[in-house]
Colleague: 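Got a structure here, written out as structure tokens. Questions coming.
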Amino acid sequence: MQILVNGEPVATDARDLAELCASLGFTHAKVATAVNGSFVASAKRGLTPLVPQDEVEIVAPRQGG
């Protein structure tokens, strides 16, 4: 299926947000996630299904100033 991740088109077989994060290398990373503009807590990622054309945001914190 085709979705957008951080504004970029991505083809994925992930069925839910947790699978998507894992496939992108964020399995153990501390990141914030949102699907279609709604925040998704890390505990809810496996319960958040993905469908074609979803818009996903994955944001990692940065240090520095």
Side-chain angles (χ1 to χ4, degrees):
M1 101 178 93
Q2 193 76 19
I3 62 172
L4 288 178
V5 177
N6 295 342
E8 298 292 325
V10 172
T12 183
D13 292 325
R15 293 171 290 168
D16 58 48
L17 186 55
E19 286 182 14
L20 178 67
C21 287
S23 73
L24 296 175
F26 294 111
T27 304
H28 300 292
K30 298 286 185 187
V31 295
T33 55
V35 176
N36 300 322
S38 296
F39 171 76
V40 179
S42 59
K44 301 284 186 183
R45 291 178 187 152
L47 302 173
T48 304
L50 296 175
V51 297
Q53 307 306 315
D54 271 347
E55 296 183 20
V56 177
E57 294 291 326
I58 301 174
V59 181
R62 294 182 181 218
Q63 292 184 352

Colleague: Clusters formed by hydrophobic residues whose side-chain heavy atoms approach within less than 4.5 Å: which one holds Val59, and what are its other members?
Modeller: none
Colleague: Same cluster or not: are Val5 and Met1 linked, directly or through other Ile, Leu, Val, Met, Phe, Trp or Tyr residues, by side-chain heavy atoms under 4.5 angstrom apart?
Modeller: yes
Colleague: Can you list every salt bridge (Lys or Arg N to Asp or Glu O under 4.0 Å) pair that touches residues 27-40, not counting sequence neighbours?
Modeller: none
Colleague: Using residues 10-19 as the side-chain source, report each donor-acceptor pair under 3.5 Å to any protein atom, sequence neighbours left out, with the distance given to one decimal.
Modeller:
from: Thr12; atom 1: OG1; to: Ala14; atom 2: N; distance (Å): 2.9
from: Arg15; atom 1: NE; to: Glu19; atom 2: OE2; distance (Å): 3.2
from: Arg15; atom 1: NH2; to: Glu19; atom 2: OE2; distance (Å): 2.7
from: Asp16; atom 1: OD1; to: Ala18; atom 2: N; distance (Å): 3.0
from: Asp16; atom 1: OD1; to: Glu19; atom 2: N; distance (Å): 2.8
from: Glu19; atom 1: OE1; to: Arg15; atom 2: N; distance (Å): 2.9

Colleague: Partners of Glu55 by salt bridge (charged side-chain N to carboxylate O under 4.0 Å, His left out), sequence neighbours excluded?
Modeller: none
Colleague: Could you list the donor-acceptor pairs under 3.5 angstrom formed between side-chain atoms of residues 43-54 and any protein atom two or more places apart in sequence or on another chain?
Modeller:
from: Arg45; atom 1: NE; to: Thr33; atom 2: OG1; distance (Å): 3.0
from: Arg45; atom 1: NH2; to: Val31; atom 2: O; distance (Å): 2.7
from: Thr48; atom 1: OG1; to: Lys44; atom 2: O; distance (Å): 2.7
from: Asp54; atom 1: OD1; to: Asn36; atom 2: ND2; distance (Å): 2.8
from: Asp54; atom 1: OD2; to: Val51; atom 2: N; distance (Å): 2.9

